[in-house]
There are 2 protein chains.
Amino acid sequence: MDSHEPFDVFMQECPSREIMQRLGDKWTPLVLLALAGGPQRFSALRERIGAVTPKVLTNTLRNLERDGLVQRTVFAQVPVRVDYELTDLGQGILEPMEILRLWSEEHVPKVLAARERFDARG
Amino acid sequence: MDSHEPFDVFMQECPSREIMQRLGDKWTPLVLLALAGGPQRFSALRERIGAVTPKVLTNTLRNLERDGLVQRTVFAQVPVRVDYELTDLGQGILEPMEILRLWSEEHVPKVLAARERFDARG
DNA sequence: GTAGTCGGTATCTAAAGGATACCATTGTGT
DNA sequence: ACACAATGGTATCCTTTAGATACCGACTAC
């Protein structure tokens, strides 16, 4: 049951905790999944994801870039073009994210039913 | 490449998106993982998780209860005892959460190195 | 010079998270 | 009777994060 890793998310000061919490940022999973198909431009990400504001998308992407999951490339064109793509490290997180996504999509009915039951009780 | 599910996290109004974003709440993964070993009391969860305040822990647990992932049981003892445990639905999300945890713990060095590189550039 | 494109930033408001103190219940010790 | 302790929270206040909206700078085409 115990982990044999040198890092442990249950140790309060362990960096792995912060990293896991970052992966669960509100928009991080969607951004990573949106990049699954290859490099994407900023505006394409905005369109694909839909409800995210530019400020927050920028922030999410900066964090991912800083953590080495995403590579940002600027093309000196006019108008300027910026591509975001997964690094090798970022590729490695795709599968867990897909699993999370599939779970969410598959269990919608059960979760909605549970909510109705809960709300009915008050 | 397209999903054949009736729900799609990339559809802005799809409940699956909200569900996935809830799974990525700041404390949700840790709470679910803390419940992996069986029922836990409120205070035990607080201790195990460490930096979470009671208000936020209550909130996280309420959301999980509402979504049917966690069962809350009150024992009429003195002092009162409250157990939280995973439902069947909640059990099903454990594996994805474990994967996320392992990824986070395994890739700490790479992420930290990426951060240093990023911050060095400014 | 006017308008359009792209990738953002600036500013302000609303919501979520965090720190700290406190409460209700009842058993026990004195 | 009285204070005290344990558990599982609330209540209050403050800070941080997210959201809405407007705008900017570089350049090009008209």
Side-chain angles (χ1 to χ4, degrees), chain A residues 9 12-13 17-32 34-35 38-67 70-85 118 121-122, chain B residues 9 12-13 17-32 34-35 38-67 70-85 118 121-122:
Chain A
V9 293
Q12 214 170 306
E13 299 301 328
R17 172 180 291 214
E18 186 203 348
I19 290 168
M20 191 172 74
Q21 289 178 334
R22 167 77 33 87
L23 293 179
D25 258 3
K26 184 158 186 183
W27 297 104
T28 296
L30 281 170
V31 168
L32 291 173
L35 291 173
Q40 303 281 327
R41 306 178 62 164
F42 186 83
S43 44
L45 286 173
R46 271 190 79 177
E47 274 179 35
R48 182 94 212 279
I49 294 177
V52 68
T53 62
K55 191 188 75 171
V56 173
L57 181 56
T58 298
N59 206 269
T60 305
L61 287 166
R62 284 283 184 286
N63 284 332
L64 289 173
E65 191 194 357
R66 187 166 107 97
D67 285 1
V70 162
Q71 166 87 40
R72 178 175 180 270
T73 312
V74 181
F75 298 90
Q77 303 177 352
V78 167
V80 67
R81 171 185 164 185
V82 180
D83 271 12
Y84 292 91
E85 68 185 310
F118 183 91
R121 278 182 282 139
Chain B
V9 293
Q12 215 171 306
E13 300 300 329
R17 171 180 292 213
E18 185 203 349
I19 291 168
M20 190 172 76
Q21 289 179 333
R22 168 76 35 86
L23 292 180
D25 258 3
K26 185 160 186 181
W27 298 104
T28 295
L30 280 171
V31 168
L32 291 173
L35 291 173
Q40 302 282 328
R41 306 178 61 165
F42 187 83
S43 45
L45 286 173
R46 271 191 79 176
E47 275 179 35
R48 182 93 214 279
I49 294 176
V52 67
T53 63
K55 192 187 76 171
V56 174
L57 181 56
T58 298
N59 205 270
T60 305
L61 287 167
R62 285 281 183 288
N63 285 332
L64 289 173
E65 191 194 357
R66 187 166 106 97
D67 284 0
V70 162
Q71 167 86 41
R72 178 174 179 269
T73 311
V74 181
F75 297 90
Q77 303 176 353
V78 168
V80 68
R81 172 183 163 188
V82 179
D83 271 12
Y84 292 91
E85 67 185 311
F118 184 91
R121 279 182 281 140

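These values consider heavy atoms only, across backbone and side chains, with no hydrogens, waters or symmetry-generated copies.
Atom CH2 of Trp27(B) and atom P of dG17(C) are 10 Å apart (whole Å). Rounded to an integer number of Å, the gap from NZ of Lys26(A) to C1' of dG17(C) is 14 Å. What separates CG of Leu45(B) from P of dG8(D) is a distance of 10 Å, to the nearest Å. Here dA6(D) presents its P atom at 12 Å from CD of Glu47(B), a figure rounded to the nearest Å. The distance between atom CG of Asp25(B) and atom P of dT16(D), rounded to the nearest whole Å, is 20 Å. Taking atom CG of Leu61(A) as the reference point, atom P of dA18(D) lies 13 Å away to the nearest angstrom. For the pair Phe75(A) CZ and dT5(C) P, the computed distance is 21 Å after rounding to whole Å. The interatomic distance linking Phe42(B) (CZ) with dT7(D) (C1') rounds to 10 Å, in whole Å.
Of the side-chain N and O atoms in Tyr84(B), none sit less than 4.0 angstrom from OP1 or OP2 of dT7(D). OP1 or OP2 of dG8(C) lies within a sub-4.0 Å distance of a side-chain N or O belonging to Arg72(A). Contact check, Arg41(A) against dG7(C): a side-chain N or O comes under 4.0 Å of OP1 or OP2. The side chain of Arg62(B) contributes an N or O atom lying less than 4.0 Å from OP1 or OP2 of dT10(D). Residue Lys55(B) places no side-chain N or O under 4.0 Å from the OP1 or OP2 atom of dT12(D). Phosphate contact (OP1/OP2 of dC6(C), side-chain N/O of Ser43(A), threshold under 4.0 Å): absent.
Contact annotation for Arg46(B): no contact, since no heavy-atom pair falls under 4.0 Å across all strands.
Nearest nucleotide to the Val82(B) side chain, out of dT10(D), dG27(C), dG8(D): dG8(D). In the set dT21(D), dT20(C), dG7(C), the nucleotide with an atom closest to the side chain of Arg81(A) is dG7(C).
Formation of a donor-acceptor pair under 3.5 Å by the Thr58(A) side chain with backbone atoms of Pro54(A) is found in this model.
Of the listed residues (Arg41(B), Arg72(B), Glu65(B), Gln40(B)), just one forms a side-chain hydrogen bond (donor to acceptor under 3.5 Å, both in side chains) with Tyr84(B), and that residue is Arg72(B).
At a threshold of 4.5 Å between non-hydrogen side-chain atoms, the residues Asn63(B) and Val70(B) do not count as touching. In this structure the side chain of Leu32(A) reaches within 4.5 angstrom of the side chain of Thr28(A), judged on heavy atoms. Looking at heavy atoms from C-beta onward, Leu30(B) lies in side-chain contact with Gln21(A) at the 4.5 angstrom threshold.
When the nearest nucleotides of DNA chain C are assigned to Pro79(A) and Val56(B) by heavy-atom distance, the more 5′-ward of the two goes with Pro79(A).
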